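Here the structure is a predicted model, which means the values were calculated and not measured. Each chain gets a letter, A, B and so on, in the order the sequences are listed, and its residues count up from 1. Hydrogens, waters and symmetry mates play no part in the numbers below; they use all other heavy atoms, side chains included.
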Amino acid sequence: MVRTTSLSFAYQNSKNHTFYFPRIDLTSKENALIIGPSGIGKTTLLHLMAGLLIPKKGNVYIGNTLIHQLTRSQLNDFRGKHIGLIFQRAYFIKSLTVQENLSMREKLSRKTIDLHRRKQLIEQLELTEIKNKKVHEISEGQRQRLSIALGVVHKPKVILADEPTSNLDDANCERVISLLKKEAQICKSNLVIITHDQRVKSHFKKHITL
Amino acid sequence: MLTTFVLQISKQLNHHLQENSKPFDMVIGAKGSPLQLVLSAILHIDNPTGNISLDEALGVLKNPMVKDAIPVSYGDNYKGYKILGTSDKYLLRYRATLKEGALNVQDFETVFGFEVAKKLNIRIGDSVVSSHGLLQNEIEVHDEKPFIVTGILAPTGTVIDNLIITNLESIWKVHDFEDEHEEYSEEHKEITALLLNFRNPIGALQFSRFINKETGLQAAFPKFEIDRLLKFLGIGFRTINSIAIVIFLIAGLSIFINLIKTVRERKHELALLRTYGTNTFQLLKLIFFEALFLSLIGGVLGWFLGRVGILLFSTLATNGYTYHFEISVPDIEEFFLLIAIILITILATILASFSLFKLNISKTLGDA
């Protein structure tokens with residue numbers, strides 16, 4: 001369950017401009033798209049929900065937790081455990097292999113490590129062949145799939161994805177969306193996707209337009 | 001590296017010079033520089049100031065203050081190693097013991113120092129031919145009168161290791177033989193220097209004044225001269241050390257710059273780790289250990305290179321001055337150096353951490 005009260009946010013260096021965001025109210029397992037023109041603050045909203053930015057007003061419930069009431073270190077822990085982030089550009093720990101990146105993510109979440117889950121995930125996302133490769137050796141499609149795997153490996157309560165399909169062709173786009181939906185189902189988590197991609201819209205019932 | 005090198009060299013040089021000059025209170029030799037006299041007669045580095053007549057030297061011994069006196073005479077070498085004519089008391093002074101063979105008793109019998117014997121591969125019973133002067137040469141070889149090796153000494157860690165010891169008569173006779181036609185009678189026997197010990201220091205002081213004023217001889221105190229020499233050397237060591245400290249500080253600065261670069265170049269990774277649930281302090285630890293690892297490797301490598309430097313220096317010194325420096329285990333000063341390395345790394349990490357605290361995860365990862 002994810003719920004936001006009327007959030008607003010202002011960047012430190014632009015005092016005049018404040019973003020106001022509509023309420024979001026997702027029941028458990030409900031997915032949503034956030035759509036809107038660029039510059040309207042889609043990514044900002046996503047980062048507010050992930051606790052990476054601190055809102056000027058309002059708060060975010062994830063499950064029963066008001067995340068902006070947590071202390072800095074509590075928020076760190078909470079993010080590690082319950083939030084899965086998939087960024088527009090995929091970032092990894094360069095010196096580690098695909099598999100090591102996944103196990104690192106799992107370890108840092110401080111949840112019990114589920115080797116079976118990791119193995120299954122690697123298979124589902126077709127990363128088996130490259131699991132021992134360094135992350136700079138893999139293709140763009142594989143990078144995208146790995147970043148999805150990193151977003152869901154620890155079974156978060158909410159998966160937040162920022163334009164996950166923007167650099168992909170139609171086939172890959174379909175695949176990424178269905179993978180995300182499937183993983184969200186397996187993890188019993190809410191999936192929130194930012195997009196301006198027309199191809200994605202038909203896959204989700206709930207649209208939040210900024 | 002430079003620091004450990006200088007630390008070791010200065011320490012060992014101090015030790016060397018003091019150990020070698022300890023057995024004797026005073027040297028008496030020909031007039032000249034007192035430092036040169038000490039360097040040549042005791043440490044066997046420099047050339048002698050000249051010879052003195054045995055009669056004159058023996059006159060000195062009548063003074064009641066003198067506990068004992070050991071004459072030394074030299075001027076010949078075997079393959080670059082000094083042949084020292086002296087009395088049997090000389091070896092006792094340095095507490096030298098035989099490794100094998102027997103002490104020299106007859107004329108032209110010699111005892112070899114440990115290092116010389118090892119370098120020249122000398123065995124008991126070998127006969128060697130000396131040549132004139134203190135440097136290796138083939139010009140003036142005393143091949144009419146070879147020396148017989150009767151013994152080899154155990155290592156002492158003093159100058160003795162690099163000397164060839166014989167009695168005074170042998171030295172005289174080698175030259176008597178050469179200078180047959182010149183006047184070189186019993187009455188004109190010469191020695192190079194006299195090494196003395198006194199019953200008490202005040203006596204030594206009075207005695208030196210007497211020698212320097214009333215006779216044609218010169219008296220020098222090894223301890224005083226060595227201290228003077230070390231004081232001169234100390235200036236050099238201090239200069240090198242200050243350079244080393246400057247280099248050390250620059251190294252610290254470069255650790256700091258490297259850390260900043262690390263944080264900047266890898267800000268994506270660091271921000272990513274933050275979204276994985278690590279806190280700033282953990283990242284700080286990560287960076288600190290990375291820096292510590294690098295600087296410790298540098299430290300150990302530097303220590304190692306310093307030792308290699310000493311090894312090279314030692315080879316040079318052994319060839320040139322028959323001096324050698326040992327490769328020793330890390331000592332307390334070097335331990336402090338290690339602590340300093342760690343402290344500098346900590347300081348650099350703290351300074352670099354400011355940029356870590358300012359890390360804006362949202363901006364770093366959000367910008368496509």
A:Asn76 vs B:Thr278, test: side-chain contact (heavy atoms from CB on, under 4.5 Å). Steps then yes/no.
CA-CA 6 Å; A:Asn76 264 320; B:Thr278 52; over 6 Å; no
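- Partners of A:His136 according to the side-chain contact (heavy atoms from CB on, under 4.5 Å) rule, which considers only residues two or more places apart in sequence or in another chain, are A:Lys134.
- Annotation for B:Leu273 and A:Met104: closest pair CD2-CE, 3.5 Å, computed over non-hydrogen atoms.
- Within 6.0 Å of NZ on A:Lys201 lie more than 12 heavy atoms contributed by other residues, nucleotides or ligands.
- Within 6.0 Å of the CD atom in A:Gln120, the count of heavy atoms belonging to other residues, nucleotides or ligands exceeds 12.
- Just one residue in the list A:Tyr91, A:Phe92, A:Phe87 forms a side-chain contact (heavy atoms from CB on, under 4.5 Å) with B:His268, and that residue is A:Tyr91.
- Around CZ of A:Arg199, the count of heavy atoms belonging to other residues, nucleotides or ligands within 6.0 Å exceeds 12.
- With A:Arg105 contributing its side chain and B:Tyr276 its backbone, the two residues share a donor-acceptor pair below 3.5 Å.
- Within the 4.5 angstrom heavy-atom criterion, only side-chain atoms of A:Leu150, from C-beta onward, approach chain B.
- Contact of A:Ile93 with chain B is made through backbone and side chain together, with heavy-atom distances under 4.5 Å.
- Sorted by first and then second residue, the pairs that involve residues 40-79 of chain A and meet ring-ring contact (aromatic ring centres under 6.0 Å, His included), not counting sequence neighbours, are A:Phe78-A:His82.
- With a 6.0 Å radius and a threshold of 12 heavy atoms from other residues, nucleotides or ligands, B:Lys267 has its NZ atom at or below the threshold.
- When the shell of 6.0 Å around CD1 of A:Ile54 is examined, it contains 12 or fewer heavy atoms from other residues, nucleotides or ligands.
- Note that OG of A:Ser73 and CD of B:Gln282 are 10.0 Å apart. Values are rounded to the nearest 0.5 Å.
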Apply side-chain contact (heavy atoms from CB on, under 4.5 Å) to A:Arg72 and B:Asn279, showing your working.
CA-CA 8 Å; A:Arg72 237 177 109 95; B:Asn279 55 42; over 6 Å; no
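- Proximity to chain B (any heavy atom under 4.5 Å) is shown, for A:Lys107, by neither the backbone nor the side chain.
- Contact annotation for B:Arg274: both backbone and side-chain heavy atoms come within less than 4.5 Å of a heavy atom of chain A.
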